[in-house]
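Just below is one structure, and these are the notes that go with it.
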There are 2 protein chains.
Amino acid sequence: MKTKGRAPAPGRQEPLFLHQRILVEIQDKILSGQWPAGRRIPFEHELMKQYQCSRMTVSKVLTRLAQAGLIERRRKAGSFVRRPQSQSAVLDIPDVKTEVIARGLPYHHQILKRRKRRSSRAEGELFGKDGVVPVLEIECLHMAGKRPFCLEHRVINLLAVPEATNESFEEHSPGTWLLRQVPWTLAEHHIRAAAATPEMAAALQIKARSSCLIVERTTRSMDVTITFVRLAYPGDMHQLVASFTPIAAVPGAPPRRP
Amino acid sequence: MKTKGRAPAPGRQEPLFLHQRILVEIQDKILSGQWPAGRRIPFEHELMKQYQCSRMTVSKVLTRLAQAGLIERRRKAGSFVRRPQSQSAVLDIPDVKTEVIARGLPYHHQILKRRKRRSSRAEGELFGKDGVVPVLEIECLHMAGKRPFCLEHRVINLLAVPEATNESFEEHSPGTWLLRQVPWTLAEHHIRAAAATPEMAAALQIKARSSCLIVERTTRSMDVTITFVRLAYPGDMHQLVASFTPIAAVPGAPPRRP
DNA sequence: CAGTGGTCTAGACCACTTC
DNA sequence: AAGTGGTCTAGACCACTGA
């Protein structure tokens, strides 16, 4: 039981850390259905004996499984397999500029509308104040090369982001600007399909009533809404990709050079 | 430095575990922009001194931040703030039946088509074999009350799921059946808007060319594709909701009673 | 009230990477 | 070659909770 640097790898496979091995084995039993929902997972001290390791090691594994939603831990009772959850996919919703650049297309944007006003009643509710709040309303067209890529309609809470008042957004689009100005803390997305309104069709140079993918995002910090944005993409130009991988692996360090 | 049960909570707040406090403080510095992308995070031994705790504690916190994608860890160099990522939202994609029930509507489904055939060339590629594989092709209409809710077009790899061969899917829809038969391991979703084809329009009782939300999901296990499904929702009836919360908090155990 | 998980420690060895 | 993170240990105390 002395501490080891690498792998108790018994057979063929590449060196696997002990905690990875434990994680994978338990995960497999759950995902394969061998351990159905509700089934109790071995206690920590049982796993300690089984894998001949310290409690910290198995504890970290079980904690991870719990965070991933695969098991539920209850004091004094034990850990249990949760019933199959909805498939939780991780949706990467990039900044529009990033999105266009990633396609290798030249990006630019133009501000179609920009006006300061007071929020309407309904918006006031959204922005968490009973009364009205000053907001900045912006319409922005994102271009990929010469083709319209996305029409953005945005409302910014000027109480939350007073710096926006004098910002023209000519250099950086509202999304890009806000992303670096007010780092996101909490967001909710609604994704749907809708027929293009005459305004959308005109801006995006598509036929009226053709299909668009609408992504609406409300960004909040604490209890106050920072901004609301509606992004309209021509249906044939865009799709969201959401990938889903169980857990495991995930050393989680894709990029380079900070 | 003796071990404590609860909280070094200094001021007002509710008792906070040390690792939570460390996590929140670092996270705040990053999200607020105070520590910009590329900035080095204090070394583990520095944080140990700062918080007067053991290395394991700070290590777990940094590991968590790395898994969450907020920082990047590099041996010998240190840990660094990553540049703002795409907003990663967690998309819960439920079983269609669950979805309808959740709306308080009576659910039922009907199989419109069901035929066994060999995969086409293109599909063969999808299914990971060079040659063709036997597949089951199914069309299924999901109803919410008396209204069509979703049209499902599905292809099941019979090499991977031979049990499907003799399944009628009358009792359980293909999605529901598969979910319990072949627990998901890896999935990729593509979400887009499209105009209804004549077939879709007829089945869903909507006008041709009206907007639909299309969710396509490819489910794989190892390197073999289990099933491919295309779900078409009338655009005005459905929207996906993806929520995003940074990290922290997350003891992660919502439900009850296994 | 006994046993579970939740947290934390003060060490240790190792591998990798940059210097 | 030095220093970082990555893993692991063999303990500990505590809080919660189900029996």
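Order of the sequence lines sets the chain letters (A, B, ...), proteins ahead of strands, with each chain counted from 1. Only a predicted model underlies this, so the values are computations on that prediction, with no experimental measurement involved.
Rounded to whole Å, the distance from CD on Glu44(A) to C1' on dT9(D) is 15 Å. Rounded to whole angstrom, the span from the CZ atom of Arg64(A) across to the P atom of dG6(D) amounts to 13 Å. If you take NE2 of His19(B) and P of dC14(D), they are 18 Å apart, rounded to a whole angstrom. Atom pair Lys60(A):NZ and dC8(C):P shows a separation of 14 Å (rounding to whole Å applied). Whole-Å rounding puts the Met48(B) CE to dT4(D) C1' distance at 13 Å. One atom, CD1 of Ile71(B), and another, P of dT4(D), lie 15 Å apart when rounded to the nearest Å. The distance from atom OH of Tyr51(A) to atom P of dT9(D) is 13 Å, rounded to the nearest whole Å. One can place CD of Glu72(A) at 14 Å from C1' of dG18(D), the figure rounded to the nearest angstrom.
Out of dT4(D), dG5(C), dG18(D), the shortest distance to the side chain of His45(B) is found at dT4(D). Of the candidate nucleotides dG6(D), dG3(D), dA15(D), dA15(D) has the atom nearest to the side chain of Arg75(A). With dG18(D), dT7(C), dT7(D) as the candidates, the nucleotide lying closest to the side chain of Ser59(B) is dT7(D). Listed candidates were dA15(C), dC8(C), dG6(C). Nearest to the side chain of Arg73(A) is dG6(C).
Remark: the backbone N or O of Val24(B) is not paired with any side-chain donor or acceptor of Gln27(B) at under 3.5 angstrom. Using modelled atom types, no side-chain atom of Asn157(B) and backbone atom of Thr227(B) make a donor-acceptor pair closer than 3.5 Å.
Comparing Ser54(B) and Thr63(A) by the nucleotide of DNA chain C whose heavy atom lies nearest to each, the residue mapping closer to the 5' end is Thr63(A). Each of Pro42(B) and Lys76(A) was assigned the nucleotide of DNA chain D with the nearest heavy atom; the assignment lying further toward the 5' end belongs to Pro42(B). Comparing Gly78(A) and Met56(A) by the nucleotide of DNA chain C that holds the closest heavy atom to each, the one mapping nearer the 5' end is Gly78(A).
Here the two rings, on Phe149(B) and His238(B), have centers that are under 6.0 Å apart.
Side chain to side chain, Glu46(A) and Tyr51(A) fail the donor-acceptor criterion of an N or O pair below 3.5 Å. One side chain, His142(A) or Glu152(A), offers a donor N or O that lies under 3.5 Å from an acceptor on the other.
Of the side-chain N and O atoms in Arg74(B), one or more sit less than 4.0 angstrom from OP1 or OP2 of dT18(C). Dashed line: the shortest gap from a side-chain N or O of Thr57(B) to OP1 or OP2 of dT9(C) is under 4.0 Å.
A donor N or O paired with an acceptor N or O is found under 3.5 Å between the base of dG5(C) and the side-chain atoms of Arg55(A).
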